[in-house]
Number of protein chains: 2
Amino acid sequence: MTTASRRPRTRIQTRNRDAIMAAALDVFAAQGFRGATLDQIAEAAGLSKPNVLYYFPSKEAIHEALLADLMADWLAPLRAIDPAGEPLAEILAYVRAKLAMSRERSRESRLFANEILQGAPRMGPVLAGELRALVAEKAAVIRRWQAEGRIAPVHPVHLIMSVWALTQHYADFEVQVQALIDGDPWEEAERHLMHHFTRVLAP
Amino acid sequence: MTTASRRPRTRIQTRNRDAIMAAALDVFAAQGFRGATLDQIAEAAGLSKPNVLYYFPSKEAIHEALLADLMADWLAPLRAIDPAGEPLAEILAYVRAKLAMSRERSRESRLFANEILQGAPRMGPVLAGELRALVAEKAAVIRRWQAEGRIAPVHPVHLIMSVWALTQHYADFEVQVQALIDGDPWEEAERHLMHHFTRVLAP
DNA sequence: GTCTATAGAAGGATAGAC
DNA sequence: GTCTATCCTTCTATAGAC
């Protein structure tokens with residue numbers, strides 16, 4: 001209390017802060033930033049509205065905290081692509097990891113989709129900075145693999161984006177997917193995408 | 001784009017109604033339903049807010065009119081797949097048409113994406129009805145082509161969804177795409193997707 | 001048909017008691 | 001730390017003059 005730390009210090013602070021983040025993830029993912037209300041977040045967190053604002057200065061601040069948390073984990077699978085690995089196996093592992101992440105963290109995926117759809121008002125700099133740099137780095141790796149004839153010559157950046165599009169689709173458009181698929185969409189999706197990218201990339 | 005109305009209208013009514021629809025498409029696509037305000041729509045349409053509500057009973061009614069207009073055009077390319085045509089050519093033409101539509105009507109794509117992301121509160125029935133029926137019909141066509149050995153045996157429904165995911169991505173995530181691609185993303189995307197689906201589908 | 005003015009509700013944020 | 005009460009802004013929608 002005498003120190004100006006932004007981090008929660010007591011157990012109760014940690015617990016409530018986490019509860020707010022979890023509740024806000026639910027609400028922002030389902031309704032978008034403008035559609036979400038502090039009332040909804042407070043109720044989902046089991047707190048009063050003023051108490052939520054005791055932990056975060058504003059609705060916007062909660063949203064920003066969620067997005068900041070998101071990016072690190074979100075890019076981990078792409079970071080994990082190993083230039084020294086076997087090309088096709090590396091990329092298929094990436095697809096599998098990204099699909100698993102879409103499945104297990106579909107709310108995060110929709111939070112992100114909402115942000116980008118609205119023109120990335122809060123994450124624009126991250127896209128042009130961190131994301132662009134990482135994609136460029138991995139695109140160079142893929143290009144080298146292609147020059148060595150180890151995978152098919154597909155535009156590397158579009159290839160990476162196609163992995164995003166195809167995996168995130170199952171999370172972001174989940175309602176539509178479930179209206180069209182009777183079984184477990186995720187099981188089918190994994191088989192489909194493995195087969196799909198194997199055909200695209202086999203040299 | 002003309003929703004055939006049952007009632008005759010004067011020129012000025014037609015003009016204003018169209019102006020409101022066009023303005024609302026801009027605003028809803030960029031901000032989502034909750035994020036959009038009647039003020040923004042009225043200003044973009046060059047009318048006063050009460051005048052907008054003279055033409056439509058509510059904000060919700062404008063949104064519904066846009067979604068209703070959208071679906072017919074949106075499904076046209078899928079409908080156009082010809083069971084009597086050459087399989088690979090038919091599907092590639094579908095991909096090309098869908099990509100062109102994403103490019104030329106990216107606001108409509110984002111309007112739709114917003115609606116699905118939020119759980120399709122207004123279009124749920126259309127997904128489970130009209131869309132599901134059309135997809136089932138075309139999936140049957142694809143399955144027949146596969147049984148005849150004319151294209152590769154890829155899950156037909158996931159194949160159709162992958163066309164959506166890969167084409168709509170360029171519209172819905174346009175900000176992100178532009179942060180990563182230096183040239184004209186759409187030109188590159190067309191080459192990429194033609195190559196991509198040719199490899200996936202060649203028997 | 002179009003406008004000004006405003007009602008009425010909802011939502012973000014604050015005050016202050018405990 | 002948490003709550004009740006409330007302020008103030010924003011937003012949808014309506015009233016009513018012209």
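Reckoned from all heavy atoms, side chains included, excluding hydrogens, waters and symmetry mates.
Among the atoms of the strands shown, none is found under 4.0 Å from any heavy atom of B/F56. B/A42 comes within 4.0 angstrom of nothing in the nucleic acid, heavy atoms only. The residue B/A36 sits close only to the backbone: its heavy atoms come under 4.0 Å of sugar-phosphate atoms, none of a base.
Salt bridge B/D26/B/R110: absent, no basic N to carboxylate O contact under 4.0 Å. Using a 4.0 Å cut-off between charged side-chain N and carboxylate O, A/R122 and A/E115 make a salt bridge.
Protein atom CD of B/E43 is 17 Å distant from nucleotide atom P of C/dT2, rounded to whole Å. Rounded to whole Å, the distance from CD1 on B/I62 to P on D/dT12 is 10 Å. Between B/I41 atom CD1 and D/dT12 atom C1' there is a gap of 11 Å when expressed in whole angstrom units. Put simply, CG on B/L38 is 16 Å from P on C/dT2, counting in whole angstrom units. The distance between atom OH of A/Y55 and atom P of C/dA13, rounded to the nearest whole Å, is 18 Å. Separating the OH atom of B/Y54 from the C1' atom of D/dT14 is a distance of 15 Å, rounded to the nearest angstrom. Atom CZ of A/F33 and atom P of C/dG11 are 14 Å apart (whole Å). B/L53 places its CG atom 18 Å from the P atom of C/dA7, with the value rounded to the nearest Å.
Between A/R34 and D/dC11 there is a side-chain polar atom (N or O) within less than 4.0 angstrom of OP1 or OP2. Taking side-chain N and O atoms only, A/N16 has a distance below 4.0 Å to OP1 or OP2 of D/dT2. Neither OP1 nor OP2 of C/dT2 sits under 4.0 Å from any side-chain N or O of B/S48. Of the side-chain N and O atoms in A/N51, one or more sit less than 4.0 angstrom from OP1 or OP2 of D/dC3.
The line from CZ of A/R96 to CD of A/E190 is 5.5 Å long, rounded to the nearest 0.5 Å.
In terms of position along DNA chain C, the nucleotide closest to B/P50 lies nearer the 5' end than the nucleotide closest to the other residue of the pair A/K59 and B/P50.
Relative ring orientation between B/F28 and B/H63 is described as perpendicular, the plane-to-plane angle rising above 60° on a 0-90° scale split at 30° and 60°. Taking the six-membered ring for Trp and thresholds of 30 and 60 degrees, A/F173 and A/H169 have nearly parallel ring planes, at less than 30 degrees apart.
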